[in-house]
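To keep things clear, I will list the structure first and then write my remarks on it.
We name chains A, B, ... by the order of the sequence lines, and we start the count at 1 in each one. Everything numeric here is computed off the predicted structure, so don't read it as measured data.
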Amino acid sequence: MNPTHGAGRRPAILTKTLCRESGRFRYAKVGTVSTLERDPTEDMVRVLDEDGGVVGDVPDLDNDELVEMYRQMKLARHFDERAVSLNRQGRMGTYPPLSGQEGAQIGSAMAMADDDWMIPSYREHAAALVRGQGLTETLRYWMGDERGDSPDEGTNVFTVAVPIASQIPHATGMAWAEKLQSDGDHGAFLCYFGDGATSEGDFHEGLNFAGVFDTPNVFFCNNNQWAISVPRERQTASDTLAQKAQAYGFEGVQVDGMDPLAVYSVTREALQKARDPEEEQPRPTMIEAVQYRFGAHTTADDPSVYRTDEEEERWRAKDPIPRLESYLQSQGVLDDDRIEAIQASVEDEVADAIDEAEATADPDPQSMFDHVYAEQTPELREQAERFAQLREKHGDDAFQIE
Amino acid sequence: MSTQTPDTEATQSLTLVQAVRDGLATEMQRDEDVVVMGEDVGKNGGVFRATEGLYDEFGEERVIDTPLAESGIVGTAVGMAAMGMKPVAECQFSGFMYPGFDQIVSHMPRLRTRSRGRYTCPMVLRAPFGGGIRAPEHHSESKEAFYAHEAGLKVAIPSTPYDTKGMLTAAIRDPDPVVFLEPKLIYRAFRGDVPEEPYEVPLGEAAVRREGTDVSVFTYGAMTRPTLDAAEELADDGIDAEVVDLRSVSPLDRESIVESFQKTGRACVVHEAPKTGGLAGEITATLQEEALLYQEAPIQRVTGYDVPYPLYALEDYYMPNEARVAEGIRDAVEF
């Protein structure tokens with residue numbers, strides 16, 4: 001127990017949250033028990049309950065957009081299942097699954113405008129897909145091919161960042177540059193990171209700069225409860241992650257990260273504020289999207305060592321996909337035939353992406369020496385030549401590690 | 001090149017990673033001040049199982065799951081060590097040591113110097129390092145030269161299960177900070193006899209893995225195996241290579257390095273780390289300083305290339321392998 005909390009009950013912490021009705025930030029009392037124990041939908045922004053019933057303001061999305069949101073989530077889920085299976089079959093290396101997190105990724109990515117940017121960590125392939133990064137590229141990346149992390153011009157997706165939280169200062173810097181270089185009309189920069197990242201120094205430094213220089217950022221924390229085996233409450237003694245934003249001088253908001261409509265609403269509002277704040281309003285926002293990863297940290301991890309089936313079941317009841325599906329069915333936007341057709345189409349799309357990724361020839365070994373510098377140094381040129389001679393002499397089979 | 005032998009002869013057949021675990025366990029049993037800390041080292045038993053079972057055996061106050069913060073892990077370990085504890089901190093992969101780099105270079109090695117011996121830092125910083133396991137970006141680099149470059153740090157890299165337990169024990173008992181880099185490519189590649197009792201393999205002492213008269217090949221860690229394979233291959237062609245496993249890259253066992261070279265007059269150095277600024281340069285310079293008149297051929301370097309470590313589709317091409325090592329040895333011999 002933190003000694004400053006004193007004996008007995010811990011004091012209630014007041015956290016700013018986004019008011020659904022007014023769109024303004026208000027203070028709400030947050031729970032005083034462990035995030036894992038408490039109902040994660042308590043005191044946070046949400047639109048749909050666990051059964052898809054409406055409990056908040058539904059965002060202004062037309063039926064096509066709603067169906068697209070649903071389709072993207074189904075696509076992401078199916079892709080994820082197939083990717084894990086490719087790893088199991090030895091057809092792909094280590095892969096970080098995202099099942100359970102589709103609502104947060106797709107809800108937030110769909111809220112972005114064309115001029116906005118996303119700065120990912122390494123688990124946001126569903127968000128990247130919405131932003132135009134193809135599934136084939138994502139597969140190639142996890143198949144160990146550098147070309148899979150080279151987004152097309154105009155996609156506004158930054159590179160994958162594996163070291164935890166290291167991308168957060170980049171997001172601040174990119175937003176800062178945009179603000180300095182533009183005439184006031186600019187996009188916003190949304191940075192994804194996890195609950196574990198909030199413990200790193202880069203998180204503090206990135207958010208602190210954003211507060212000081214009032215950069216157009218949205219810091220989107222995918223709090224999936226577990227940093228590999230370390231639970232959220234082992235990362236910080238603070239009640240929520242969102243409240244950390246207060247110390248940087250801007251708003252933090254908790255949203256039900258397994259409610260895609262709530263995520264969409266909150267993110268859209270935060271992005272809008274980043275681009276065009278009202279007077280005296282800080283541009284940056286931190287969003288804590290409370291969610292759960294259904295699977296392992298990566299395919300190299302076994303969550304049964306550190307968490308219980310009971311806990312997983314409790315969170316599976318909040319699965320974002322059936323929630324949105326129920327809502328759309330209740331609105332008459334989706335029926336069984338349409339659902340079946342969507343499922344069939346996402347299966348085809350993923351199968352095609354896998355075929356394409358596997359049909360792509362491995363990168364040319366000599367390409368290892370490319371893109372190290374704008375202009376290859378004489379030393380590097382010599383190493384590349386020597387390497388080519390060795391391959392010629394011994395054949396590529398001689399290079400395979402058993 | 002002596003090794004302190006253990007009191008009893010009971011041994012177990014362990015992999016290298018099991019020897020890490022065993023070394024930690026036996027020192028924790030012996031000394032209550034030894035604690036293990038890092039990400040996922042507790043309940044999870046470490047992502048490579050290097051701390052498996054320690055949490056159950058020693059409890060959460062001695063096997064500590066920390067927040068995800070390497071500067072926090074290394075920095076608090078420095079503080080604990082200053083107060084007389086013996087923390088064994090883990091960075092999950094050597095590629096994630098860099099958020100802790102400030103602590104590693106600014107404080108770990110300097111506490112003793114700065115305080116004129118009033119404070120010391122008897123800690124160990126463990127990390128799996130090196131390539132070849134089909135891992136994502138930043139999980140495969142070999143950056144031992146960063147740490148060898150830092151006065152006040154010792155840098156140990158075992159290549160056998162026996163040495164792993166003995167060197168880890170020596171590192172934990174060492175009065176100074178030790179960076180202990182574990183070649184994860186061979187974490188489970190083979191087993192070796194490891195005494196059940198604690199024992200020390202002294203830091204700073206190399207081991208001759210194969211005696212030879214024609215050329216000295218200096219290497220360490222996961223490169224020891226392909227180097228030995230290459231030496232055997234060349235033996236068929238009448239080239240008799242001596243293979244020296246350095247075991248510690250700081251301090252270097254200059255005596256053994258020079259002694260071997262005086263015998264052969266030819267040398268090849270093998271490491272996966274990039275060529276520029278790598279340990280091969282240091283070893284070559286040592287030979288120039290200490291044994292120039294014995295030299296009969298240019299000293300060869302077989303190393304990783306001066307490129308960012310590629311994603312795994314190309315990593316086999318990056319790492320020195322038997323063919324490249326054999327080529328380097330030949331170049332030294334046939335000059």
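Taking every heavy atom of both residues into account, B:Val215 and B:Cys268 meet most closely at CG2-N, 4.4 Å.
Most heavy-atom pairs under 4.5 Å with chain A: of the set B:Thr276, B:Leu314, B:Val307, B:Leu68, this distinction falls to B:Leu68. Contacts with chain B were tallied for A:Pro163, A:Ala300, A:Ala398; A:Pro163 has the most, counting heavy-atom pairs under 4.5 Å. With respect to chain B, the highest number of heavy-atom pairs below 4.5 Å among A:Lys393, A:Met368, A:Glu379, A:His394 belongs to A:Met368. For the options A:Val372, A:Ile228, A:Val305, A:Thr94, heavy-atom pairs under 4.5 Å to chain B are most numerous at A:Ile228.
Checked for salt-bridge contact, B:Asp316 and A:Arg391 miss the test: no charged N lies under 4.0 Å from a carboxylate O. Look at B:Asp306 and B:Lys275 and you find no salt bridge, because none of the NZ, NE, NH1 or NH2 atoms lies under 4.0 Å from a carboxylate O. The pair A:Lys244-A:Glu288 does not count as a salt bridge, with every side-chain nitrogen at least 4.0 angstrom from each carboxylate oxygen. In this structure, A:Arg140 does not pair ionically with A:Asp149, as no charged nitrogen and carboxylate oxygen lie closer than 4.0 Å.
Using a 4.5 Å cut-off between heavy atoms, A:Asp364 contacts chain B through its backbone alone, with no side-chain atom that close. The parts of A:Phe387 that come within reach of chain B are both its backbone and its side chain, each placing non-hydrogen atoms under 4.5 angstrom from that chain. Residue contact with chain A, scored on non-hydrogen atoms closer than 4.5 Å, is absent for B:Tyr98. At a 4.5 Å heavy-atom cutoff, the contact between A:Leu380 and chain B is made by side-chain atoms alone. Interface remark: B:Gln92 contributes side-chain atoms only to the contact with chain A (heavy atom separation under 4.5 Å). Both the backbone and the side chain of B:Tyr317 have a heavy atom closer than 4.5 Å to some heavy atom of chain A. For A:Tyr373, no part sits under 4.5 Å from any heavy atom of chain B, backbone or side chain. For B:Asn321, the part sitting under 4.5 Å from any heavy atom of chain A is the side chain, from C-beta outward, and nothing else. In this structure, the portion of B:Glu327 lying under 4.5 Å from any heavy atom of chain A is its side chain and not its backbone. Both the backbone and the side chain of B:Pro310 come within less than 4.5 Å of a heavy atom of chain A.
Of the residues B:Gln18, B:Arg49, B:Glu182, the one that meets the side chain to side chain contact (heavy atoms under 4.5 Å, CB included) test with B:Tyr187 is B:Glu182. Applying side chain to side chain contact (heavy atoms under 4.5 Å, CB included) to B:Arg126 and the options B:Leu181, B:Val179, B:Leu24 leaves one that passes, B:Leu24. The ring-ring contact (aromatic ring centres under 6.0 Å, His included) with A:Tyr192 is formed by just one residue from the set A:Phe220, A:Phe158, A:Tyr122, A:Phe219; it is A:Phe220. Applying the ring-ring contact (aromatic ring centres under 6.0 Å, His included) test between B:His139 and each of B:Phe96, B:Phe129, B:Phe48 identifies B:Phe96 as the sole match.
By a heavy-atom distance cut of under 4.5 Å, A:Gly196, A:Ser199, A:Glu200 are the residues of residues 196-204 of chain A near chain B, going up by number.
The side-chain tip of B:Arg209 does not point at the ring of B:Tyr220 from less than 6.0 angstrom away and within 45° of straight on.
The aromatic rings of B:Tyr305 and B:Tyr318 sit perpendicular to each other, their planes meeting at more than 60°, with 30° as the lower class boundary.
Between B:Ser142 and B:Glu144, the closest side-chain pair of non-hydrogen atoms falls below 4.5 Å.
No side-chain donor from either of B:Glu272 and B:Tyr309 sits under 3.5 Å from a side-chain acceptor of the other.
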